[in-house]
*Asks:* 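One structure, as structure tokens, below. Some questions next.
The figures here come from the full heavy-atom set of this structure, side chains too, leaving out hydrogens, waters and symmetry mates.
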Amino acid sequence: MLGRGRSTTPSDWKQSRIEHLQSMLKALAISKSGKRRALAVLTKNYAGAKAVHNLLHVSGLASCFDAIWALPTGGLYRCKDEWHEMCTPNVCHKADLLALVAESPHEFFPQLGSDAFEDMGPLKMEGIVLVDDQRANFQSPSGNQVLRFCKVARYDGYYRNLGYVKNMGGIGAHCFEDYETLKMFVEEPSTYKETLHLHCVERHFERSSEQHPVELIIFDFDETLTLATFMPSDPTFEEISWDLPSLEGSDWTAEDLLTYNFESPFCSGSRLQALKAMLEDLSKRYVLAILSRNDRGAVAVLNLLRLAQLADFFAAIWTMPFRQQVSCGAWKADAAWHVFEAPLLEVPDEKTEILYHIVENSGKWFPQMEGRLRRLQGLRPESVMLVDDEKENLQSASRFALRYCKVARYDDVYRNCGPLNQLGGIGAHSFEDFELLRRFAEAPWEFQEPHFPQEEADKPNAAPPWEDSRVPSRSEELVKLPRSRLRKSASSPTLRALGDLANLPGPMSRSQSFCLSDVISQSPRTSEPGDDQDAHEICLTGMDDSPR
């Protein structure tokens, strides 16, 4: 686990982060063999390439870069000490522009071949490293994919005198090990394999030293219990009277529903059985519930859980947003499930707000408040553990999930559905997730995030005159692609086996990547001769929240 070394405090940021960036960028510009690398900035900053250059110039970083490209069009390149304007293709996605850079590097580095910069020769996509804080930038809807990347961690917090700021980032913002790790990755990318694991956190709160136990675990459904959610189009699937024979003649078989929703093509063994074992274990010690943003409603979620033999482990299911004529709540008593209207209209349409409403009004969310569920009558916010794949669900503008597990998201070719984005699933890539979640539920205080006391200048009431000058943050996610299978043919099997994934053409088998953060995963693998060839010709940085 990287990034567990010396933490970076706000005072460290003021004193030395720019110097660390300067040193790192100078080191990246020259390989171990002495070959010159091109460094560029690729940004979606609406102010354009000139504004980005000016900010880099005043910080003393501009001379470290050879080019600045601003999407959708426009850029600058440096020849010796002078910067010149250049035209770039009108492209909206970073991965698409990098594919063009690999095809025609001279169009993006006009200074190549001059006295200032020797020609780098042929360039491949694996010769480009992208450093960025937004996961959606690593693969475009067109299919272009960045093969080697560094994902900079995003976080929310009180920042200087700007008050509470969301979606901040920055290489080395929380751990100085980021700089050395990035340099090592660029030199030997083949020793890093993309890691997609569960991330468990207990936030700092006033009573954290009391180590109050977890009482209620709330799971998301889509891309958390499932890898991706597929449901029959039959409207009777949303009725509590639905049964298995109803699938006859439908667009899905029971086997396909279980496989597409719960089994993972990315690792060996049955994920469904491992998930069932974990939920059975947790249900003996905690109350389990589901809170999902699913338009089909609580009963459709329940029926899919019934099919997978997972429903008995849960006490209640709630779906949001509120929709008329669609049941948004279901609760279980004596092995029988009942439909009810969850009090969604009493609370804002945000999961964290709902979590606190459950704490304060548990009887409204659990109509069966008797027996072992009486333990929920004295809930505290820290008594609830949230398991979800969406970062936005872990906090609202004013409240936080104090204990949470963030499920890894990823984009990939999924069975015979073609490329899908925003896939997820506990244990989808490693069954270690299941044991990690058990350990976190038992002792969340062992997973506390670093806490820095808020400085006086950081308080929200100290609003500076430039408080509106920050570039608006963007969501990490593109619109979720529809969950549907490609049309079957005689030569197209229903399911794509794990072995088939490795033989897919093109860049879908991306493997060399890692994250930069205060909690990072590094997974070395055995390096093979030639793995790092041409892997370090260009290193690109996304400006918006990466070097800043």
Side-chain angles (χ1 to χ4, degrees), residues 21-22 24-31 35-134 137-138 140 144 146-150 152 171 182-183 186 471 534-548:
L21 282 171
Q22 289 173 332
M24 179 195 72
L25 293 170
K26 290 178 181 178
L28 289 175
I30 304 295
S31 70
K35 187 176 181 180
R36 174 83 154 81
R37 286 196 188 99
L39 302 186
V41 172
L42 174 56
T43 179
K44 294 180 180 178
N45 193 305
Y46 69 86
K50 290 183 178 180
V52 171
H53 167 266
N54 291 337
L55 190 57
L56 291 172
H57 178 73
V58 298
S59 62
L61 298 175
S63 61
C64 299
F65 293 98
D66 301 293
I68 300 170
W69 307 316
L71 298 183
T73 184
L76 302 171
Y77 71 94
R78 183 174 63 86
C79 188
K80 296 185 179 179
D81 294 328
E82 295 184 359
W83 285 86
H84 307 273
E85 290 190 62
M86 61 182 295
C87 294
T88 59
N90 191 341
V91 176
C92 294
H93 198 283
K94 290 189 178 183
D96 291 332
L97 185 129
L98 294 185
L100 297 176
V101 172
E103 292 177 4
S104 306
H106 285 81
E107 292 186 14
F108 295 86
F109 294 99
Q111 69 271 47
L112 288 178
S114 67
D115 294 338
F117 203 149
E118 65 182 37
D119 197 338
M120 66 176 64
L123 184 62
K124 302 177 181 179
M125 278 297 285
E126 57 265 36
I128 299 175
V129 174
L130 176 62
V131 186
D132 206 292
D133 67 307
Q134 297 191 51
N137 289 331
F138 301 134
S140 78
N144 285 320
V146 179
L147 302 183
R148 287 167 171 165
F149 65 83
C150 301
V152 178
I171 302 167
L182 178 53
K183 290 189 288 185
V186 172
V471 175
D534 297 329
H536 48 264
E537 298 292 348
I538 300 180
C539 185
L540 300 109
T541 300
M543 181 64 187
D544 296 342
D545 286 299
S546 298
R548 185 174 66 192

*Asks:* If you count every heavy atom of other residues, nucleotides or ligands that lies below 6.0 Å from His57 atom NE2, does the total exceed 12?
*Replies:*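 For His57, atom NE2 is not crowded (no more than 12 foreign heavy atoms under 6.0 Å).
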*Asks:* About how many Å separate CZ of Phe109 and SG of Cys79, when rounded to the nearest 0.5 Å?
*Replies:*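 Output value for this atom pair is 13.0 Å.
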*Asks:* Could you grab the distance from atom CG of Asp133 to atom SG of Cys150, nearest 0.5 Å is fine?
*Replies:*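 Answer for the CG-SG pair, Asp133 versus Cys150, is 12.5 Å.
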*Asks:* Of the non-hydrogen atoms in Leu98 and Ile128, which two are nearest, and what is the gap between them?
*Replies:*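 For Leu98 and Ile128, the tightest heavy-atom pair comes out as O-CD1, 3.8 Å.
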*Asks:* Within this structure, what is the CE-CG distance for the pair Met86 and Leu76, rounded to the nearest 0.5 Å?
*Replies:*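 One finds 8.5 Å between CE of Met86 and CG of Leu76.
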*Asks:* For Ala95 versus Ser140, what's the shortest heavy-atom pair and its separation?
*Replies:*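 Of all heavy-atom pairs spanning Ala95 and Ser140, the closest is CB-N, 3.9 Å.
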*Asks:* Between His93 and Asn137, what is the shortest heavy-atom contact and its length?
*Replies:*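 It is CE1-O, 3.5 Å.
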*Asks:* Nearest 0.5 Å please: distance from the CG atom of Asn45 over to the CG atom of Leu42.
*Replies:*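 So the CG of Asn45 and the CG of Leu42 are separated by 11.5 Å.
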*Asks:* Under the side-chain hydrogen bond (donor to acceptor under 3.5 Å, both in side chains) test, which residues partner Lys26, sequence neighbours left out?
*Replies:*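 Once residues adjacent in sequence are excluded, Lys26 has no partner under the side-chain hydrogen bond (donor to acceptor under 3.5 Å, both in side chains) criterion.
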*Asks:* State whether the side chain of Glu107 and the backbone N or O of Leu100 hold a donor-acceptor pair below 3.5 Å, judged by distance alone.
*Replies:*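 Answer holds: no.
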*Asks:* Going by the rule side-chain hydrogen bond (donor to acceptor under 3.5 Å, both in side chains), which residues pair with Glu85 if we only count those two or more places apart in sequence or in a different chain?
*Replies:*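 Expected list: Lys50.
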*Asks:* If you look at every heavy atom in Pro105 and Ala102, which pair is closest and at what distance?
*Replies:*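 Heavy-atom minimum between the residues: CD-O, 3.9 Å.
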*Asks:* Does any N or O in the side chain of Lys183 come within less than 3.5 Å of the main-chain N or O of Ala27, such that one atom is a donor and the other an acceptor?
*Replies:*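 Checked: no pair found.
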*Asks:* Measure the spacing between CG of Leu71 and NZ of Lys44 and express it to the nearest 0.5 Å.
*Replies:*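 It is 6.5 Å, given to the nearest 0.5 Å.
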*Asks:* What I'd like to find out is whether the side chain of Asp132 reaches to under 4.5 Å of the side chain of Phe149, using heavy atoms alone.
*Replies:*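 Not in contact.
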*Asks:* With side-chain contact (heavy atoms from CB on, under 4.5 Å) as the test, would you mind laying out the steps for Arg36 and Ile30 before giving the verdict?
*Replies:* CA-CA 5 Å; Arg36 174 83 154 81; Ile30 304 295; 4.2 Å; yes
*Asks:* Output yes when a side-chain donor or acceptor of Asp66 lies under 3.5 Å from a complementary backbone atom of Ala40, and no otherwise.
*Replies:*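 Not a single qualifying donor-acceptor pair exists.
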*Asks:* Check the angle between the aromatic planes of Phe108 and Trp69 and answer parallel, tilted or perpendicular using the 30° and 60° thresholds.
*Replies:*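 Perpendicular.
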*Asks:* What's the shortest heavy-atom distance between Arg78 and Phe65, and which atoms?
*Replies:*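 Scanning both residues, the minimum pair turns out to be NE-O, 2.7 Å.
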*Asks:* Could you tell me which non-hydrogen atom of Leu39 sits nearest to which non-hydrogen atom of Cys64, and how far apart they are?
*Replies:*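 Minimum heavy-atom contact is CD1-O, 3.4 Å.
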*Asks:* For the backbone of Gly74 and the side chain of Thr88, can you confirm whether one donor and one acceptor N or O come within less than 3.5 Å of each other?
*Replies:*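 The answer is yes, because a donor-acceptor pair under 3.5 Å joins these two groups.
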*Asks:* Between Ser104 and Val101, is there a donor-acceptor pair closer than 3.5 Å when you use the side chain of the first and the backbone of the second?
*Replies:*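 Side chain of Ser104 to backbone of Val101: no pair is present.
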*Asks:* Nearest 0.5 Å, what's the CG-NZ distance between Leu147 and Lys124?
*Replies:*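 Leu147 CG to Lys124 NZ: 11.5 Å, rounded to 0.5 Å.
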*Asks:* So does Asn90 have more than 12 non-hydrogen atoms from other groups sitting under 6.0 Å from CG?
*Replies:*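 Check passes, neighbour count above 12.
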*Asks:* Is it true that a side-chain atom of Arg148 and a backbone atom of Glu126 form a donor plus acceptor pair closer than 3.5 Å?
*Replies:*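 Checking the backbone N and O of Glu126 against the side chain of Arg148, a donor-acceptor pair under 3.5 Å is found.
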